[in-house]
There are 4 protein chains.
Amino acid sequence: MKAKSRSAIISAALELFAKKGFSATTTDEIAKKGKVSKGLIFSHFHTKEDILLAIIDEEIDRFLPKFNQDDDARDPKEKLTSFMNGWLGLLEKEPLLILLSLRLNLDESWRKILRRKGKQYIEIYLKRMRDLLIQAGSKKPDLDCYLIGVLFDGIAANYIAAPEMFPLNDIKDYLIELLFSYWQNQK
Amino acid sequence: MKAKSRSAIISAALELFAKKGFSATTTDEIAKKGKVSKGLIFSHFHTKEDILLAIIDEEIDRFLPKFNQDDDARDPKEKLTSFMNGWLGLLEKEPLLILLSLRLNLDESWRKILRRKGKQYIEIYLKRMRDLLIQAGSKKPDLDCYLIGVLFDGIAANYIAAPEMFPLNDIKDYLIELLFSYWQNQK
Amino acid sequence: MKAKSRSAIISAALELFAKKGFSATTTDEIAKKGKVSKGLIFSHFHTKEDILLAIIDEEIDRFLPKFNQDDDARDPKEKLTSFMNGWLGLLEKEPLLILLSLRLNLDESWRKILRRKGKQYIEIYLKRMRDLLIQAGSKKPDLDCYLIGVLFDGIAANYIAAPEMFPLNDIKDYLIELLFSYWQNQK
Amino acid sequence: MKAKSRSAIISAALELFAKKGFSATTTDEIAKKGKVSKGLIFSHFHTKEDILLAIIDEEIDRFLPKFNQDDDARDPKEKLTSFMNGWLGLLEKEPLLILLSLRLNLDESWRKILRRKGKQYIEIYLKRMRDLLIQAGSKKPDLDCYLIGVLFDGIAANYIAAPEMFPLNDIKDYLIELLFSYWQNQK
DNA sequence: AATGAATGAGATTTCATTCAT
DNA sequence: CATGAATGAAATCTCATTCAT
């Protein structure tokens, strides 16, 4: 079945691109890891780059929409916690996608492609996050948005580098407490 | 002069490795940007990898020691501010080094080399940061150390991606206020 | 029906081999143009080369015999005119076959195959042409045979390159007049 | 020396492209015949196609200008003979270029490139040939131009296919006699 | 009979590295 | 020291052919 081999290639490539980077990954390695012949790769994708573009297209679609769900948590703290859990849960569920996107974000050209691709999602998330922050008591929601974004990126980079060492949950709990405490005290 | 061409190669390679990544950079490009012949590169360095190793060795030595200076700021807040200014100032002064180190940190093997190389520095900084945090009122200095590390990485990644858009100073001031406020209120 | 798909393949291959050349034509293209699957091509023909061999065999058989018919024109001029019309008419009716044979004649190995294949026909034509030329007044029928052969090839190459521009009929009429005039004046 | 290896590649490629065709020639063969490494080919030429483009550019320039020389032959017959000798001499001196150009003329896209490239030359030759034909007594110089072109192409194709068998000089002499005789008798 | 996914040998192209000058 | 032509191993990509369905 065509779809089967295609997804074998995609997932082999995702792992390799994420762990070694696009240029350092050879089509031989992809073929080997995906257990298909090199020729088959090029009957699915015109070029090596097209594999990465397909990953960006399809894998982003696969996991980003999950955030869309309206979460029904009642109070703001619970909502923010749930929001953060959603994000940080991805780190554990899809570390390869996160690692790949950290990588791609360092390349100007790929960053552009990612941005274009995720534009509508990013806007929705930013909007939701901003609403949440205001509900949670933030006086400077724009700055707090930046702060949360920065924290997510930083946490991702550190968690990816040493998942077993990094105190993901402690950091998360601490952050929520810290931010809420600050917002409360500003009132 | 030998040293001159060597540093031309190093700085050309630094820029390219940082912007495009190690594998995606060719020795031809380095030669062209460094305005030297390809042959000369290999009379200075045995392999392309050696150029990167030299960058790690020399450039890290070049900028890391600046943190060693005992800063004479009086109160803890000033000290932390100065410490953060030091770090974040690097983003503006040496964006290529920061970008390169963000990249290398995503690769397991390079990460190890970086860690080994920077071990003594990292330990000193962590120790100094911990002291600072305690002086500043942190009740959980270990968690705060992680937090600061995470913040630096996240800020770096976001600043590098769009230096002119990212409100570096606003974020820095906000963070200091936020952290101190939290620490104070915990007393 | 088996014969139907076979002839679809043959005629797709003929067009592509003629227009792009044997090596530059892929079996994918043949399949696409012939509206059959690639697999089917190889159930009809063992190799790509076999398709070309089949074209040579079958298509040459299909059109060469037409010259065999005894033409009943009375005087030599009419006969030669009819002979030339026969040849040159092929250019308009079967340009692909002509183009293909021009191509194959440039390749030593294919030329040999063509010669072997068409041997009996060629001999008959040469003989008939020689008779005709003698009847028409040629003093040097061997040289005139070469000349006619040369003219046919040259006309074919030029007509194929720009059918709508090339004054095929003017050239033909002019040639007949020129040759006959020369032969007459030699008497 | 760079120019030396370049011309080794060019002349190896010319021979192979002429004898086997562009698509049927591999870069391996070119490297082997030119006695250079495969890598060197691509430091001289970006793609295989570029080698052919360079041949078209440089080799055509190398031999076409020879026709430009004003020949000082006195009477029209001598002039035409000299003109034909020039053309047909090329067959013996540069059979590979002639064979290659016969091939390229069968491909629509290459034909266009050849035409574009040789445009100015072709126009000059056509003009000179027309003048010559008029001086020689031609009443239909345009048709005669076509005729001469056709003859050259046909002669080339036949000579190339079997140089030792084809009576090049006999044909040439016969043609001159035939044409002049016709033109004379028209007066 | 028919399909088109799959293969693998081989073609084109790239690039770190060497070496003659 | 310095150059850049040259190399060859390896990377990307193509395509005739096979084969499971």
Side-chain angles (χ1 to χ4, degrees), chain A residues 1-6 8-9 23-31 34-51, chain B residues 1-6 9 22-32 35-51, chain C residues 1-6 9 22-32 35-51, chain D residues 1-6 8-9 23-31 34-51:
Chain A
M1 190 150 192
K2 187 148 191 176
K4 199 150 165 289
S5 65
R6 189 191 150 91
I9 293 166
S23 298
T25 298
T26 69
T27 49
D28 255 327
E29 290 171 305
I30 297 171
K35 282 170 188 157
V36 295
S37 66
K38 236 187 313 179
L40 190 55
I41 292 178
F42 291 94
S43 89
H44 282 293
F45 305 96
H46 202 245
T47 63
K48 190 174 96 168
E49 206 177 292
D50 281 346
I51 309 176
Chain B
M1 188 144 189
K2 187 148 187 177
K4 197 146 167 293
S5 62
R6 190 178 199 281
I9 294 166
F22 177 77
S23 297
T25 299
T26 69
T27 48
D28 258 327
E29 290 171 305
I30 298 171
K32 204 171 176 187
K35 282 170 188 155
V36 297
S37 68
K38 240 193 312 178
L40 193 53
I41 291 177
F42 288 91
S43 85
H44 280 293
F45 305 96
H46 201 243
T47 64
K48 188 174 97 167
E49 208 177 290
D50 282 346
I51 310 175
Chain C
M1 188 146 191
K2 187 148 185 175
K4 197 147 167 293
S5 61
R6 191 179 197 282
I9 294 166
F22 177 76
S23 297
T25 299
T26 69
T27 48
D28 258 325
E29 290 171 306
I30 298 172
K32 205 170 176 187
K35 282 170 189 157
V36 297
S37 69
K38 239 193 312 178
L40 194 52
I41 291 177
F42 287 91
S43 85
H44 280 293
F45 305 96
H46 201 244
T47 65
K48 189 174 96 168
E49 209 177 287
D50 282 346
I51 309 175
Chain D
M1 188 146 191
K2 187 145 191 179
K4 199 150 165 288
S5 65
R6 190 191 149 91
I9 294 165
S23 297
T25 298
T26 70
T27 49
D28 255 328
E29 291 171 305
I30 297 171
K35 283 171 188 155
V36 296
S37 65
K38 237 188 310 178
L40 189 54
I41 292 178
F42 290 93
S43 90
H44 281 292
F45 305 97
H46 204 244
T47 63
K48 189 174 99 168
E49 208 177 290
D50 281 346
I51 310 176

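What you see is a predicted model; the values in this text were computed from it and never measured.
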Provide, to the nearest angstrom, the distance between the [atom1] atom belonging to [X] and the [atom2] atom belonging to [N].
X	N	atom1	atom2	answer
B:K32	F:dT3	NZ	P	16 Å
B:I9	F:dC1	CD1	C1'	12 Å
B:I41	F:dT3	CD1	P	10 Å
C:K35	E:dG4	NZ	P	14 Å
D:R6	F:dA6	CZ	C1'	16 Å

| Looking only at side-chain N and O atoms, does D:H44 come under 4.0 Å of OP1 or OP2 in F:dA6? | yes
| Got a second to check how far C:L40's CG is from C:F42's CZ, nearest 0.5 Å? |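 Those atoms lie 11.0 Å apart.
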| task | Mind checking the CD-CZ spacing from C:E49 to C:F22? Nearest 0.5 Å is all I need. | result |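 These two atoms lie 5.0 Å from each other.
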| query | Partner of F:dA20 by Watson-Crick or G-U wobble geometry, both contacts under 3.5 Å, or none? | reply | E:dT3
| said: Counting only Watson-Crick pairs (N1-N3 plus N6-O4 or O6-N4) and G-U wobbles (N1-O2, O6-N3), all under 3.5 Å, who is the partner of E:dA9? | reply: F:dT14
| query | Nearest of F:dT3, E:dA6, F:dA5 to any side-chain atom of D:K2? | reply |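 The answer is F:dA5, which lies nearest to the side chain.
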| request: Using atom types as modelled and distance alone, determine if a side-chain donor or acceptor of D:K2 lies under 3.5 Å from a backbone N or O of D:H44. | output: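 Not confirmed, D:K2 side chain does not pair with D:H44 backbone.
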| Under 4.0 Å protein heavy-atom contact, by nucleotide of nucleotides 13-21 of chain E - B base, S sugar-phosphate only | BBBBBB---
Minimum heavy-atom separation for [X] and [Y], please, with both atom names.
X	Y	value
B:I41	B:I30	CD1-CG2, 3.8 Å
A:D50	A:F45	O-CD2, 3.9 Å
B:A31	B:S37	CB-C, 4.1 Å

